[in-house]
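Note sheet for the following structure.
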Amino acid sequence: MKFYFPDSQDLVSPTYDFEHDEYPPTRVRQRDDRYAHEVLDSSPYHGFLVSKAIVDGSVSGSGKYTSSQRARLYRMGARRFFRLPDEIATLGDNGAFNYVAEEVPPVTVDDTLDFYEECGFDAGVSVDHIIFGYDGTAGLDNADPAWIRRRELTLELAADFRRRVEERGSRIEPVGAAQGWSPASYADSVARLQEFGYTRVALGGMVPLRTKDVLSCLHEIDKVRHPSTELHLLGLTRVDAMDEFSQLGVTSFDSTSPFRQAFMDDRNNFHTPNGAYVALRVPQVDGNPTLRRAILAGTVSQQDAIAAERRTLRALRALDGSRVGIDDALDALGHYETVMGAKKSYLPAYEQTLVAAPWADCRCSLCREHGVEIAIFRGTERNKRRGFHNLTVLASKVSALTDRSSSPTYV
């Protein structure tokens, strides 16, 4: 099983000053900042997924790249731009989620293939149109007409994409996109993609599905899947079910979920092999928009907030594993919540985090280097490092899956 990490220009600065929360004045982001595969002992992913919509933008807005970054990517190619080791594969896709509200994709097959070739990806997914809906009992002809139109359009575009790859003599490995709304429709999509000549198929639109529904689709697909056809799950992370997915032809998946949970989840911020912990929220007085608004409105004293912020950071950095140190940190965190006028308290969850001190047991290079700073919910540098740490936990789980699948089975 291989894990692909979707690019969204997520980097960290190796020279960031945690003590003063500032960057060096000479920092140049793309040149000096580092990707996860550059700051960890080994890459936490097997592949890098780059969406055209992230680079070029789409009808829903501009992409994540500046014009100079975009030009550099096209000029250098993906492998040099991202400074990727040879063993990390590259995969391009259209970023169909960015134009989900459109009647038809606002990009052509040739536009997409141009992007893949100019960036030098190893493989590229055909142009597709996401179907956000599921009815497990629906067949091919008795579903929502909009779903039927999107699936047929996705298949037409896949046929055209495959044809253009051959006509242009492209070195891009074509990956056919399959959309559906039920086991029957997904299976039919895969069967037709195989007829077009695809041996790799990316299953889209499955992110909202329950695991049992994903499995139902995979079981139905397995009835028509050729032994040589490999399946990729777009945007889907279900590690607990990956063993079963693997038995049904899934060889790869991509997701930002473990990374995003570091700073977007309410609770599961710091991942471990056996669970997850809440991060310790210490917002920056001069950098947190909500806190700044409260200060400007006069509901929070700036002086009190700065004093509470500094006290909390001192207490966390002084942690030594003792109960006295944990209680002092909890007192400081609780006081900062009060000063900020927090609407909810995380203190019980904070105590679990402080007692467990998961950063102390983790052997990833970021936890070894930064210690408790990794567990502090505060600004992009700490939050993204914690996200990179989460990727190492996922990598270990995926590695365990791979080891099990390669071991002989005795009956």
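Counting begins at 1 with the first residue of the sequence.
A donor-acceptor pair shorter than 3.5 Å cannot be found between the side chains of Arg311 and His335. In the model, Ser396 has no side-chain atom that pairs as donor or acceptor with a side-chain atom of Ser399 under 3.5 Å. Asp266 and Tyr346 share a side-chain donor-acceptor pair at under 3.5 Å. Between the side chains of Gln179 and Tyr186, no donor-acceptor pair is found at a separation under 3.5 Å. A donor and an acceptor atom, one from each side chain of Asp320 and Ser322, are located under 3.5 Å apart. A side-chain N or O of Asp17 and one of His20 form a donor-acceptor pair less than 3.5 Å apart. Side-chain contact of Ser189 with Arg151: a donor-acceptor pair under 3.5 Å is present, judged by distance alone. A donor and an acceptor atom, one from each side chain of Tyr198 and Glu173, are nowhere located under 3.5 Å apart. Thr137 and Asp135 share a donor-acceptor pair across their side chains, judged by distance under 3.5 Å alone.
A heavy-atom distance below 4.5 Å is not found between the side chains of Asp254 and Tyr45. Side-chain contact between Tyr116 and Asp93: present, with at least one pair of heavy atoms (C-beta onward) separated by less than 4.5 Å. Taking the side chain as every heavy atom from C-beta outward, His219 and Glu244 approach each other to under 4.5 Å. Residues Ser13 and Asp32 are not in side-chain contact: their nearest non-hydrogen atoms beyond the backbone lie 4.5 Å or more apart. Within the 4.5 Å cutoff, no side-chain heavy atoms of Arg27 are placed close to those of Tyr16. The side-chain heavy atoms of Met206 and Leu234, taken from C-beta on, include no pair separated by under 4.5 Å. At least one side-chain heavy atom of Thr353 sits under 4.5 Å from a side-chain heavy atom of Trp359.
The distance between the ring centers of Phe82 and His37 does not fall below 6.0 angstrom. Ring to ring, Phe253 and His232 are not that close: their centroids are 6.0 angstrom or more apart.
Because its NZ or CZ atom is not both nearer than 6.0 Å to the ring centre of Phe81 and within 45° of the ring axis, Arg72 does not count as a cation-pi partner of that residue. Geometrically, Arg382 does not engage Phe18 in a cation-pi contact, judged by NZ or CZ lying under 6.0 Å from the ring centre and within 45° of the ring axis.
In terms of heavy-atom proximity, Ala177 sits nearest to Leu193 at O-CD1, 3.5 Å. Across all their heavy atoms, Ile88 and Ser43 have their closest contact at CD1-OG, 3.4 Å. When all heavy atoms are compared, the tightest approach of Asn98 to Ala53 is ND2-CB, 3.4 Å. Taking every heavy atom of both residues into account, Glu337 and Leu347 meet most closely at OE1-CG, 3.8 Å. The minimum heavy-atom distance linking Pro283 with Tyr336 is given by the pair O-OH, 2.7 Å. Nearest heavy atoms, Gly325 versus Leu319: O-CD2, 3.5 Å.
Separating the CG atom in Leu157 from the CG atom in Asn94 is a distance of 9.0 Å, to the nearest 0.5 Å. Here Arg314 contributes atom CZ and Asp328 contributes atom CG; the two are 9.5 Å apart, rounded to the nearest 0.5 Å. Atoms OG1 and CD, on Thr66 and Gln30 in that order, are 8.5 Å from each other to the nearest 0.5 Å. Of the inter-residue distances, the one linking Arg281 atom CZ with Met340 atom CE reads 10.0 Å to the nearest 0.5 angstrom. In this structure, the separation between CG on Leu203 and CG on Leu233 is 6.0 Å, given to the nearest 0.5 Å. Here the straight-line distance linking atom CG of Asn383 with atom CZ of Arg260 works out to 11.0 Å at 0.5 Å rounding.
Residues satisfying the salt bridge (charged side-chain N to carboxylate O under 4.0 Å, His left out) test with Arg267, not counting sequence neighbours, are none. Looking at residues two or more places apart in sequence or on another chain, you find no salt bridge (charged side-chain N to carboxylate O under 4.0 Å, His left out) involving Asp86.
Taking the charged nitrogens against the carboxylate oxygens, Arg70 and Asp56 do have a contact shorter than 4.0 Å, which makes a salt bridge. A salt bridge is absent between Glu87 and Lys2: the closest approach of a Lys/Arg side-chain nitrogen to an acidic carboxylate oxygen does not fall below 4.0 angstrom. The residues Arg238 and Asp243 are annotated as not salt-bridged, no charged nitrogen and carboxylate oxygen being separated by less than 4.0 angstrom. Salt-bridge formation is not detected for the pair Arg378/Glu373: no Lys NZ or Arg NE/NH1/NH2 atom is positioned less than 4.0 Å from an Asp or Glu carboxylate oxygen.
Counting only distance, with no hydrogens or angles, the side chain of Thr90 and the backbone of Asp122 share a donor-acceptor pair below 3.5 Å. Listed for the Ser51 side chain is no donor-acceptor partner under 3.5 Å among the backbone atoms of Ile54. At distances below 3.5 Å, not a single donor-acceptor pair connects side-chain atoms of Arg34 with backbone N or O atoms of Leu11. Between the side chain of Thr154 and the main chain of Arg150, a donor-acceptor pair closer than 3.5 Å is present. The closest donor-acceptor contact from the side chain of Ser246 to the backbone of Met242 lies at 3.5 Å or more, if one exists at all. A side-chain donor-acceptor contact under 3.5 Å links Thr299 to the backbone of Ala294.
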Residues Arg149, Glu152; criterion salt bridge (Lys or Arg N to Asp or Glu O under 4.0 Å); working and verdict: CA-CA 5 Å; Arg149 285 196 301 273; Glu152 286 300 325; over 6 Å; no
*Do Lys64 and Asp7 pass the salt bridge (Lys or Arg N to Asp or Glu O under 4.0 Å) test, and can you show the C-alpha distance, the side-chain angles, and the key distance before you say yes or no?*
CA-CA 9 Å; Lys64 296 280 188 179; Asp7 164 60; over 6 Å; no
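Counted within 6.0 Å of CZ on Arg310, heavy atoms from surrounding residues, nucleotides or ligands total 12 or fewer; the atom is thus considered open.
Within the structure, ring pair (Phe, Tyr, Trp, His ring centres under 6.0 Å) contacts touching residues 254-290 (residues at least two apart or in different chains) are Phe5-Phe259, Phe259-Phe263, Phe259-Phe388, Phe270-His389.
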